[in-house]
Visitor: 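Before anything else, here's the structure in question.
Letters go in sequence order (proteins before strands), and every chain restarts at 1.
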There are 2 protein chains.
Amino acid sequence: MTDQPKRPLTLRDVSEASGVSEMTVSRVLRNRGDVSERTRERVLAAAKELGYVPNKIAGALASNRVNLVAVIIPSLKNMVFPEVLTGINEVLEDTELQAVVGVTDYLPEKEEKVLYEMLSWRPSGVIIAGLEHSDAARAMLNAAGIPVVEIMDTDGTPVDAMVGISHRRAGREMAKAILKAGYRRIGFLGTKMPLDHRARKRFEGFTEALAKEGVEIEDREFYSGGSALAKGREMTRAILERSPKLDFLYYSNDMIGAGGLLYLLEKGIDVPGQIGLAGFNGVELLQGLPKRLATMDACRLEIGRKAAEIITARLEEPPREVETQVILTPTISFGDTLKRG
Amino acid sequence: MTDQPKRPLTLRDVSEASGVSEMTVSRVLRNRGDVSERTRERVLAAAKELGYVPNKIAGALASNRVNLVAVIIPSLKNMVFPEVLTGINEVLEDTELQAVVGVTDYLPEKEEKVLYEMLSWRPSGVIIAGLEHSDAARAMLNAAGIPVVEIMDTDGTPVDAMVGISHRRAGREMAKAILKAGYRRIGFLGTKMPLDHRARKRFEGFTEALAKEGVEIEDREFYSGGSALAKGREMTRAILERSPKLDFLYYSNDMIGAGGLLYLLEKGIDVPGQIGLAGFNGVELLQGLPKRLATMDACRLEIGRKAAEIITARLEEPPREVETQVILTPTISFGDTLKRG
DNA sequence: ATGAAAGCGCTAACAT
DNA sequence: ATGTTAGCGCTTTCAT
């Protein structure tokens with residue numbers, strides 16, 4: 001708790017203050033090798049007294065080890081990603097590793113930049129959302145020589161390992177449940193995000209499964225920006241005005257689905273009798289709505305955990321072999337807005 | 001795009017591949033000093049061809065410069081913090097600086113640990129939520145010798161700079177508006193989080209302003225964990241069952257307020273006639289509810305921006321002097337759940 | 001149990 | 001416009 005340190009403290013300062021060589025100080029601070037209890041205490045006391053904070057930059061350079069795991073995700077606003085992070089942290093908390101987050105805003109160029117930036121700090125591993133990356137990004141991931149886990153999506157080929165769900169299948173399963181319940185005049189409401197590959201794949205799986213039964217989406221509505229709940233309301237109004245005969249609305253996420261649900265309930269429309277609804281994700285929010293929206297769990301926590309476990313396993317000495325293609329199965333919740341078939 | 005690089009590439013590799021000294025390669029890669037166009041191109045080509053990613057660890061050690069800003073926040077689940085981050089990133093995007101996020105889960109010990117961890121990477125600045133820190137944390141912040149901005153709260157004394165709103169005042173203002181509208185039998189609903197100092201201060205300001213008019217909170221209800229929307233519902237039911245004569249419910253955040261609103265509307269209770277409601281934060285979600293919940297904007301984006309601006313100003317050479325005690329004024333939104341006085 | 005020497009991959013400062 | 005030298009603060013390795 002001394003004052004005005006214009007120059008940050010170094011090991012040497014602790015060494016001088018404690019009368020012990022830098023090397024021994026280093027050993028104490030890292031709990032390495034044998035150090036007598038007496039020396040240990042002296043060093044610890046001196047370090048604390050001075051307020052020494054080790055310089056990991058120097059340490060990393062010397063040891064060629066960096067206890068960071070780069071986690072690259074499209075957004076923090078989606079709640080899905082913070083949950084994945086929670087799963088990752090749960091696992092990393094028991095290790096030396098530390099997650100560092102980078103955000104891409106769904107932009108490939110930004111992903112490339114963020115990845116480059118993070119790799120330049122020589123992390124021990126990378127967890128990155130999605131399987132779609134620019135060639136340059138893929139090359140960097142390959143060249144990094146560290147474990148790479150691509151998460152959230154399994155419809156494609158990973159650079160190294162992958163953990164997620166098949167969004168195509170998620171879309172198909174929901175389509176099947178909807179058809180089985182007897183709905184036939186189906187509308188789709190989603191985000192105007194050509195770069196959200198997972199939403200796109202769900203949509204593709206959905207239409208494909210409908211087509212198999214000779215059903216086509218009758219109308220669709222897209223939005224971008226703004227409050228998802230409000231947009232859900234507005235889009236629902238708009239699509240039903242255009243196509244009043246729709247008997248089911250499939251939303252690309254729970255937030256807009258919730259907005260739609262609130263709108264329909266206000267209008268006094270019978271859900272799921274007259275119109276059925278379903279979203280995607282299983283967000284916690286849904287618990288508090290007047291009716292529980294049908295949805296599909298995206299296994300976010302589990303994805304985070306499994307991804308982190310792959311990283312830690314690979315980093316053990318020697319590397320522990322683990323399953324590197326983890327395909328989780330999302331479960332459908334019928335809630336109160338989708339009749340059971 | 002070459003293969004199997006067990007050893008990461010170094011400047012030296014690029015130097016050899018391009019037939020130019022390491023120093024010149026370094027200059028090219030950082031756009032420093034004069035380099036002939038011809039050399040420049042040769043170096044860039046070699047670097048790209050090899051897939052070289054600079055080692056920032058070595059660079060930082062040599063230059064004693066780290067373009068990172070440590071951002072320490074309590075949680076990512078609260079949406080408030082991602083928004084602050086957005087503000088920070090907006091400003092940092094135009095600079096060399098990069099935000100790195102650490103999460104404390106509202107735990108002082110974890111804050112201390114995260115801070116220590118981050119400082120050991122020698123960031124160029126720190127942005128940290130709140131004014132309450134352990135002595136050790138405060139000592140570290142002091143000793144770091146870098147700009148430190150404490151955000152969100154201004155009721156207290158910062159280590160260095162601060163940007164935020166007065167939560168005490170926010171509580172007072174809301175109390176005044178409620179009293180002015182004629183409500184007198186007031187219930188409070190909040191989180192069971194003794195460590196959320198900002199919520200605590202709002203509560204203190206609130207009760208203080210009520211007391212000044214001889215009004216006391218008639219009942220209160222606390223929750224922890226779970227879906228805030230569902231909890232808001234449940235708590236509202238519980239408090240009204242106990243105290244059916246309440247005519248106003250003040251929620252410590254918008255999420256539980258929204259749950260309460262949905263509950264009351266379902267029950268057919270006249271809002272704001274029979275019961276008025278207010279929350280805190282101004283979350284985007286509220287836009288989509290059947291009625292707009294009264295709330296108070298926490299100026300999150302602006303806080304992020306201003307904090308980042310203070311950091312960048314201080315880091316200029318020479319440091320640009322800026323206001324370091326920025327107290328923003330939250331505006332009250334009456335929405336549809338609080339009568340105007 | 002402790003210390004001394006070398007060097008991690010860069011960049012600052014100084015030549016040329 | 002380009003190269004040379006020294007050294008950032010640690011850890012590794014090898015002595016003692």
Visitor: Does the pair B:Glu93/A:Lys110 count as a salt bridge with the N-to-O cut at 4.0 Å?
Guide: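 Result for this pair is yes, salt bridge flagged.
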
Visitor: Verify whether one side chain among B:Ser134 and B:Arg138 offers a donor that lies under 3.5 Å from an acceptor in the other.
Guide: no

Visitor: Looking only at side-chain atoms of A:Met23, point me to the closest of C:dG9, D:dA1, C:dG3.
Guide: C:dG3

Visitor: Among D:dG3, C:dC10, D:dG9, find the nucleotide with the atom closest to the side chain of B:Thr24.
Guide: D:dG3

Visitor: From CG of B:Asn64 over to P of C:dT11, roughly how many Å is that when rounded to an integer?
Guide: 13 Å

Visitor: Starting at atom CD of A:Glu22, determine the distance to atom P of D:dC10, rounded to an integer number of angstrom.
Guide: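 About 8 Å, once rounded to whole Å.
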
Visitor: Distance check needed: C:dG9 P versus B:Glu16 CD, whole Å only.
Guide: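 Answer to the nearest Å: 13 Å.
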
Visitor: Check the distance between C:dG9's C1' and B:Leu11's CG and give it to me in whole angstrom.
Guide: 7 Å

Visitor: If only atom types and distance count, is the side chain of B:Thr24 paired as donor or acceptor with the main-chain N or O of B:Val20 below 3.5 Å?
Guide: no

Visitor: Which residue lies toward the 5' end of DNA chain D, B:Ser63 or A:Ser26, if each is placed at its nearest nucleotide?
Guide: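 Of the two residues, B:Ser63 wins.
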
Visitor: For C:dG3, does the base pair up with any side-chain atom of A:Arg27 as donor and acceptor (N or O, under 3.5 Å, distance only)?
Guide: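 Flag set: donor-acceptor pair detected.
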
Visitor: Does the pair B:Lys56/A:Glu117 count as a salt bridge with the N-to-O cut at 4.0 Å?
Guide: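 So B:Lys56 pairs with A:Glu117 through a salt bridge.
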
